[in-house]
Asks: 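Dropping the structure in here first, questions after.
Atoms considered below: every heavy atom in the structure, side chains included; atoms not considered: hydrogens, waters and symmetry mates. Proteins get letters first, then strands, A, B, ... in listed order; numbering begins at 1 in each.
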Protein chains: 4
Amino acid sequence: MRNRLKQIQDNKIFEWTVVTVIILSALLIGAKTYHLPQYVVSFLYYADWAVTIFFLIEISIRFMAADDKKAFFKSGWNIFDTLIVVVSLIPIEDSEMALVGRLVRVFRVLRMVSIVPELRILINSLLKAMPQLSYIMLLMFIIFYIYGAVGSFFFNEINPVLWGDIATSMLTLFRVMTFEDWTDVMYETMTLYPLSWTFYLSFIFFTAFAFLNMVIGIVVNVLEKENSAHERQLLIDNSEEELTQLDHIQKELAEIKAMLRGK
Amino acid sequence: MRNRLKQIQDNKIFEWTVVTVIILSALLIGAKTYHLPQYVVSFLYYADWAVTIFFLIEISIRFMAADDKKAFFKSGWNIFDTLIVVVSLIPIEDSEMALVGRLVRVFRVLRMVSIVPELRILINSLLKAMPQLSYIMLLMFIIFYIYGAVGSFFFNEINPVLWGDIATSMLTLFRVMTFEDWTDVMYETMTLYPLSWTFYLSFIFFTAFAFLNMVIGIVVNVLEKENSAHERQLLIDNSEEELTQLDHIQKELAEIKAMLRGK
Amino acid sequence: MRNRLKQIQDNKIFEWTVVTVIILSALLIGAKTYHLPQYVVSFLYYADWAVTIFFLIEISIRFMAADDKKAFFKSGWNIFDTLIVVVSLIPIEDSEMALVGRLVRVFRVLRMVSIVPELRILINSLLKAMPQLSYIMLLMFIIFYIYGAVGSFFFNEINPVLWGDIATSMLTLFRVMTFEDWTDVMYETMTLYPLSWTFYLSFIFFTAFAFLNMVIGIVVNVLEKENSAHERQLLIDNSEEELTQLDHIQKELAEIKAMLRGK
Amino acid sequence: MRNRLKQIQDNKIFEWTVVTVIILSALLIGAKTYHLPQYVVSFLYYADWAVTIFFLIEISIRFMAADDKKAFFKSGWNIFDTLIVVVSLIPIEDSEMALVGRLVRVFRVLRMVSIVPELRILINSLLKAMPQLSYIMLLMFIIFYIYGAVGSFFFNEINPVLWGDIATSMLTLFRVMTFEDWTDVMYETMTLYPLSWTFYLSFIFFTAFAFLNMVIGIVVNVLEKENSAHERQLLIDNSEEELTQLDHIQKELAEIKAMLRGK
């Protein structure tokens, strides 16, 4: 029984069917955002249930085919898939839960990532890169926090919509960092504080520099992995050892010659 | 006969004439976008026909000079050149086909790429890089699709021009990604959903991260080609083998010395 | 006594308490930017004094625990910490110094950097990168100065708000560099000088090129450190020497064989 | 005589005086962009002449100190310096030539580059990088030209200010490339051609890709110089040769042992 389910799971046709149904479910979600005649809406309703039931069957097959039931739920991707399918069973008509049901249907598109191995590798590498960037992100947050506090103290009176409190100020600073109409923000505060351009320019320099460091950090990190300092050290050590051995060999040869001559 | 055509084809003067005529045809296209007196317009009309006929003769020479007629049409650049020339023969006055005729005349500028080898190499390298980027582009499309669907569900009522359906939403999100007046889009939705800034900021972070990964992927890929892990492994293997051989040689020398002493 | 203080200083609990108090002091600063009821404001007032006193005690412990009192003040981070704490003692009510007191409280967040070693390393590496970038920054300043002077001479009459004097012009040029509504600036001057687009485009090209050089300079510099030309030269020299030694060994072996044969 | 001039030229004090005067001449230019009282204006006038005369003397010293007068004018920097100084002699009051005189005074700031060796190296490296980028720039120009022609054909009627002729279209496309209010341009044409977003998005993708290639090209080129494929090949060849030599040595040793045994 379990072997037959495994055969189904590893079947190429089964895999492609799952991918097709995921694409179909994505199209259903897209279609719902358009104004459609009533009969299409009711068709979409039934198609949506068909997709939900298909996903339920698929996850059941994969669960039953698994040798170790505990290990199955240790994989983050399996938990994600199961959660998506279970929450999909909540009827969408229920006005309370309708929003959650809708969002879950959107997130079903993410099952694409859990099915296609290449995408899974990409996401995993993104997640792996996160912790090493955490300190630069902390530094960036500190820069934002300090400038946000200073901006809120000084410019609060000028434009409370942009500088009302520290959270609003930090959002405004994010806007400045993306260069989105940042001169409008600056010219406004320069009417009262003519030197406030130093505030914006220093902020842009600091964040640009921190961002640059982040990018370079990732590039160097990626290059390091495949061009490791360890390998290079190994090569240098080996070549040093070879040279000392060659010296030794030459001395030995000299001795042999002396012995031959001496005879 | 074929040899004479080949001589013409490989002639430096012929090559430069072709480049000159392509530049001329580009200038003709540019000139047509200006308001010109009638006699210049009619001059442009005849010049255009002259260019078309020149291209027809040129492609004929290259076709007749080719040894293998089938191989001639296996090169994508030759097909492109022939297509451009053939479609150019459609009279531009024909109101139905006028648009196609006009566009083909514009695309004649692209013949520059098919003639200058350096440009051809550039384009080829761009096309080669495409497939390896396909998974990151798929991931980016999934991010756009999910955010587009969510944006359409929530913000549809607020501004149907920006969030009317999933296609419009994705175009709006592309605008947000380029930071083009993205705060206007955000402030509008924040009036109804004060927390909707999380939607935009998370989207910007995800796309920026995916884009960064794409850039780094290309850089690393380019560097890899010329600094291959294979080469480094070869060097390490060689140096290891050298060391074992040197050990062996030293043992042998010790044996020889023992033999000489023993005698 | 000093040993007990050192024990306190190196205590993990003490370290974490300091980090917690710094975060608390950051939250106090953030809270003050909101409109709060009177009793919260007075609570913040006392909390602020508590933080100041805690910092005073902490810096005193670290100062008294130091073996060499002079060396203590040679570290930039210690001077920074002491300064922040001392200026914090100025009463915030004093209307004259209130601003300074407020700013110093904001800069207390920066103590996070002086406490967390990973952030300190980041900042140090930023500071180290500064001098090597100085020449590119000087070049950029010269570009800005020249374009600022030219812009001020020509466009002063058109819009004195943007091109009134050289300082204003340079700020406008910085705006152009960030692409912030730069076409509005350009279209305005193109009404009088139709060719002034050359001014903006050449400026964008020069600054983009200088910026690109800066980024590449940093990347190359970082990569150089860990993939040094010196190491590679060493490897090449070693391998050359090995080859000459091997040649020598072969000659010696040939001689030995001749000697053995000759006997 | 020439030796004394050379001594002056190489004197550290002389060098610093020249740099100081260049900075002074830059400040003069900056000062002129402000509204100043009459006596400062006349002071600036005399200061300007003093600078001009100083530069004349300085260039004369450098010319007379040169061993080879012809070689002196073969250096681009010397020609540039001489030109700047000679044109500075044109009286600024002359209304016809006033503009040229003014501009030349601005360009005197560029003498900073010709004096400071580090800046000269930077500029030279920029100029050297130019030719290798020429093909990517040509490709970019072709992309701009084609999109400019197509844009002009289709959108001319919609907004002649942006798409009037091919030159205007190319400027508009440059604006689109910098993401400067590009959606305004797009939304306008989308009212008549709803599919015209494909025009903008494909243009953005092509130019972004070409730009990316340019950046990567420079990075790789810089890295290549110091991590050359030639060096790596040399190392591999050396290690291969060492291995064959070691094989040879082992065979010889085996022969020697056989000879010793045989005796």
Asks: State whether the side chain of C:Thr178 and the backbone N or O of A:Phe179 hold a donor-acceptor pair below 3.5 Å, judged by distance alone.
Replies: no
Asks: So how far is it from C:Met177 CE to A:Ile204 CD1, rounded to the nearest 0.5 Å?
Replies: 8.5 Å
Asks: Answer yes or no: does atom CZ of A:Phe73 have more than 12 heavy-atom neighbours from other residues, nucleotides or ligands under 6.0 Å?
Replies: yes
Asks: Identify which of C:Val109, C:Leu119, C:Val113 forms the greatest number of heavy-atom pairs closer than 4.5 Å to chain A.
Replies: C:Leu119
Asks: Indicate the ring-plane relationship of A:Trp182 and C:Phe174, choosing parallel, tilted or perpendicular according to the 30° and 60° boundaries.
Replies: perpendicular
Asks: Tell me, yes or no, whether the heavy-atom count around C:Phe43 atom CZ, taken from other residues, nucleotides or ligands under 6.0 Å, exceeds 12.
Replies: no
Asks: Would you mind reporting whether C:Arg175 and A:Tyr187 have side-chain heavy atoms less than 4.5 Å apart?
Replies: yes
Asks: Any idea which of C:Leu246, C:Asp181, C:Leu171, C:Leu103 has the most non-hydrogen atom pairs under 4.5 angstrom with chain A?
Replies: C:Leu171
Asks: Look up atom CG in A:Asp184 and atom CD in C:Glu180, then write down how far apart they are to the nearest 0.5 Å.
Replies: 6.0 Å
Asks: Might you work through the side-chain contact (heavy atoms from CB on, under 4.5 Å) test for A:Ile146 and C:Met112, ending with a clear yes or no?
Replies: CA-CA 12 Å; A:Ile146 290 174; C:Met112 200 73 175; over 6 Å; no
Asks: Check A:Tyr145 against C:Ala26 and note the closest heavy-atom contact, atom names and distance.
Replies: OH-O, 2.6 Å
Asks: Tell me, side chain or backbone of C:Val116 under 4.5 Å from chain A's heavy atoms, or both, or neither?
Replies: side chain
Asks: Identify which part of A:Ala167 has an atom lying under 4.5 Å from any heavy atom of chain C, answering side chain, backbone, both or neither.
Replies: both
Asks: Heavy-atom cut-off 4.5 Å, strictly under: side chain, backbone, both or neither for A:Leu201 against chain C?
Replies: side chain
Asks: May I ask you to check whether over 12 heavy atoms, not counting those of A:Phe141, lie within 6.0 Å of atom CZ?
Replies: no
Asks: Within the structure provided, determine whether A:Tyr135 and C:Ile121 are in side-chain contact (heavy-atom separation under 4.5 Å).
Replies: no
Asks: When rounded to the nearest 0.5 angstrom, what distance separates OG in A:Ser152 from NZ in C:Lys32?
Replies: 12.0 Å
Asks: What part of A:Met190 is in contact with chain C, defined as an atom under 4.5 angstrom from a non-hydrogen atom: side chain, backbone, both or neither?
Replies: side chain
Asks: With side chains defined as the heavy atoms from C-beta onward, is the minimum distance between A:Thr168 and C:Thr33 less than 4.5 Å?
Replies: no
